[in-house]
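Computed from a predicted structure; not experimentally measured. As a basis for the values below, the full set of heavy atoms in this structure was taken, side chains included, without hydrogen atoms, waters or symmetry mates.
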Amino acid sequence: MNLHHLLKARAAAGKPVRVALIGAGKFGSMFLSQVPHTPGLEVPVIVDLDRDRAREACRTVGWDEERIRATAFTDDGARAIGGGAMDVVVEATGNPAVGIRHARAAIAAGKHVVMVNVEADVLAGPLLAEEARKAGVVYSLAYGDQPALTAEMVDWARATGFRVVAAGKGTKYLPAYHDVTPEGVWQHYGLTAGEAQSAGMNPQMFNSFLDGTKSAIEMAAIANACTLDVPSEGLLFPPCGVDDLPHVMRPREKGGVLERSGIVEVVSSLERDGRPVFRDLRWGVYVVLEAPNDYAADCFKQYGLRTDASGRYAAMYKPYHLIGLELNISVLSAALRGEPTGQPRGFRGDVAAVAKRNLRAGEVLDGEGGYTVWGKLMPASASIAAGALPIGLAHRVKLRNDIAHGAVVRWRDVEVDEASDPIRTRKAMEAMFAN
């Protein structure tokens, strides 16, 4: 609760917090929109493959020409990380392989890393976080995105003495969404392809939100950051509104849907017949608590918390997340307090590539939200035992074998370059956390 006070002190001392932003897409643009309104925070360099697009993004979010002229725009991430007195590197490209490379370069250069790129975090975050700890810098999840917001709520619950039964987020989900491709995605958002194109919306990216991949990635990040378990058979996506969280999101033995307590799960804003859930949590995050004693349970009732029938289970939730508009919290926490807003502390959850249709040997996989595979949440131990191909590595790799619709793609099913940095990094992480 003192970040603003600490930032004012830095600004008064003439030592602003300096940030290198890598990736000026939607998340990065939202962050940039807040910079002129945050005295003591500066972004002297922006890295993007399209430098003109990055400049235009700055204009779109309200930067004046003087600020733009004072900013370096480059497409060379390594050079930007290595040069200048930067405090924090924000990695917001969304590309897992690129994200790992940038994170490691920042750690080697003694700079804190805020990993907006949750795809990279789930692919190798536990290893990157350990490397950052050894180097004496912070590796952090990005506040404003749902994993960091959920991790904050879990930390609050545990620090106040509650048992965490379930934690996660809401989304729009139906089982049929797993097979949706970019070609058919816009009808589920109530848009035409032309409307989406004119708005600059990427169909594959938006499809990764719809087909369950992004939910799986974010739940893996939460599980790894909060040492929570993941469902043994994948996410259930139960329909559930905020008032019903304590009833639905409790163990089966208590009348809920969870296989056990202490697990991540996503709730759907749609009933299975497509009707909207009453008071849904589509844009928010939640944590379900269990009272540790009768007195605490009585307090739940006395202070108006909605509980299950037993009075022992209650929920806290945040109905919205503001994505990049809230990213300053991570940046300032790392730079001013030396603390992450959530970081991997183990390898509990993984996301495996699953075939969207019958795939044939020789086809090339196209990654998150594409035409060939979607990402399924698995316990990390089960993923490693099965030799499952991580969704973050299912990019432009050729199949050796036919894969049946709904089957997990395995390492043995694809042609990969074992010497590539992303694969060597992933294998090193698996070796470190396999036991």
Side-chain angles (χ1 to χ4, degrees), residues 1-2 141 143-173 215 218-219 221-232 235-271 276-322 326 329 341-342 345 348-349:
M1 299 180 188
N2 63 349
L141 299 179
Y143 199 90
D145 222 351
Q146 288 162 308
L149 297 180
T150 306
E152 179 185 47
M153 297 186 77
V154 169
D155 185 66
W156 165 84
R158 287 172 170 166
T160 49
F162 294 114
R163 299 166 185 159
V164 174
V165 177
K169 68 165 196 170
T171 197
K172 180 180 179 180
Y173 171 83
S215 289
E218 292 182 334
M219 292 306 102
I222 293 167
N224 294 338
C226 300
T227 59
L228 291 167
D229 290 330
V230 306
S232 59
L235 293 169
L236 298 175
F237 296 96
C240 183
V242 295
D243 299 327
D244 295 324
L245 285 167
H247 174 75
V248 175
M249 305 307 293
R250 56 182 177 165
R252 290 171 191 156
E253 63 184 25
K254 302 295 185 181
V257 303
L258 306 179
E259 60 187 89
R260 59 184 175 278
S261 187
I263 205 164
V264 295
E265 186 57 81
V266 177
V267 295
S268 176
S269 64
L270 296 177
E271 301 287 355
V277 165
F278 178 66
R279 280 172 48 82
D280 68 80
L281 194 65
R282 179 178 177 184
W283 306 109
V285 297
Y286 76 91
V287 60
V288 172
L289 325 165
E290 182 184 2
N293 51 54
D294 291 339
Y295 184 85
D298 287 342
C299 290
F300 285 170
K301 181 177 180 180
Q302 293 162 6
Y303 285 87
L305 271 73
R306 288 186 179 271
T307 68
D308 73 326
S310 74
R312 304 287 298 198
Y313 296 92
M316 297 293 280
Y317 62 91
K318 191 171 187 175
Y320 302 103
H321 66 297
L322 295 179
E326 301 180 82
I329 302 301
T341 50
R345 300 190 181 277
R348 309 291 286 266

| query | What is the distance from atom CG of Leu236 to atom OH of Tyr173, rounded to the nearest 0.5 Å? | reply | 9.0 Å
| message | So which atom in Pro292 and which in Gly161 form the shortest heavy-atom distance, rounded to 0.1 Å? | response | CG-O, 3.6 Å
| note | CD of Gln146 to CE of Met153, rounded to nearest 0.5 Å, is 12.0 Å
| said: Do Leu245 and Cys240 make a side-chain contact, defined as non-hydrogen atoms from C-beta onward lying under 4.5 Å apart? | reply: yes
| task | For residues Ala167 and Val154, report the shortest heavy-atom separation together with the two atoms involved. | result | CB-CG2, 3.6 Å
| request: Can you run down the side-chain hydrogen bond (donor to acceptor under 3.5 Å, both in side chains) pairs that involve residues 148-162, sequence neighbours left out, and say none if there aren't any? | output: Tyr143-Glu152
| Could you state the interatomic distance from CG (Leu258) to CZ (Arg252), rounded to the nearest 0.5 Å? | 8.0 Å
| request: Report the distance from atom NZ of Lys254 to atom OG of Ser310, rounding to the nearest 0.5 Å. | output: 7.5 Å
| Given side chains that start at C-beta, do those of Tyr313 and Pro251 come closer than 4.5 Å, heavy atoms only? | yes
| task | Please check if the side chain of Ser269 supplies one atom and the backbone of Val277 the other of a donor-acceptor pair under 3.5 Å. | result | no
| query | Among pairs that include at least one residue of residues 298-313, which meet salt bridge (charged side-chain N to carboxylate O under 4.0 Å, His left out), considering only residues two or more places apart or in two chains? | reply | Asp243-Arg306, Arg250-Asp308, Asp294-Arg312
| message | Does either side chain, that of Glu259 or that of Ser232, offer a donor lying less than 3.5 Å from an acceptor on the other one? | response | yes
| task | Working to the nearest 0.5 Å, report the span between CG of Leu322 and CD1 of Ile329. | result | 11.0 Å
| Side chain proximity check, Val264 to Pro231, heavy atoms < 4.5 angstrom | yes
| field | Residue pair Val288 / Pro246: nearest heavy atoms and the distance that separates them | value | CG1-CA, 4.5 Å
| task | For residues Ala151 and Gly342, report the shortest heavy-atom separation together with the two atoms involved. | result | CB-CA, 4.5 Å
| query | Is there a side-chain contact between Leu235 and Glu265 (heavy atoms, below 4.5 Å)? | reply | yes
| query | Can you find a pair of side-chain heavy atoms, one from Phe237 and one from Thr171, that are under 4.5 Å apart? | reply | yes
| Test side-chain contact (heavy atoms from CB on, under 4.5 Å) applied to Pro238 and Asp244, Val257, Val266, the passing residue | Val257
| How close do Leu141 and Pro147 get, heavy atom to heavy atom, and via which atoms? | CD1-CB, 4.2 Å
| task | Evaluate the side-chain proximity of Thr227 to Arg348: yes if any heavy-atom separation is below 4.5 Å, no if none is. | result | yes
| said: Treating Asn293 as the side-chain partner and Tyr295 as the backbone partner, does any N or O pair qualify as donor plus acceptor under 3.5 Å? | reply: yes
| task | Verify the neighbour count for atom NE2 of His247: are there more than 12 heavy atoms of other residues, nucleotides or ligands below 6.0 Å? | result | no
| said: So which atom in Val165 and which in Glu290 form the shortest heavy-atom distance, rounded to 0.1 Å? | reply: CG2-CB, 3.7 Å
| Can you tell me how far the CE atom of Met219 sits from the CD1 atom of Ile263, to the nearest 0.5 Å? | 12.0 Å
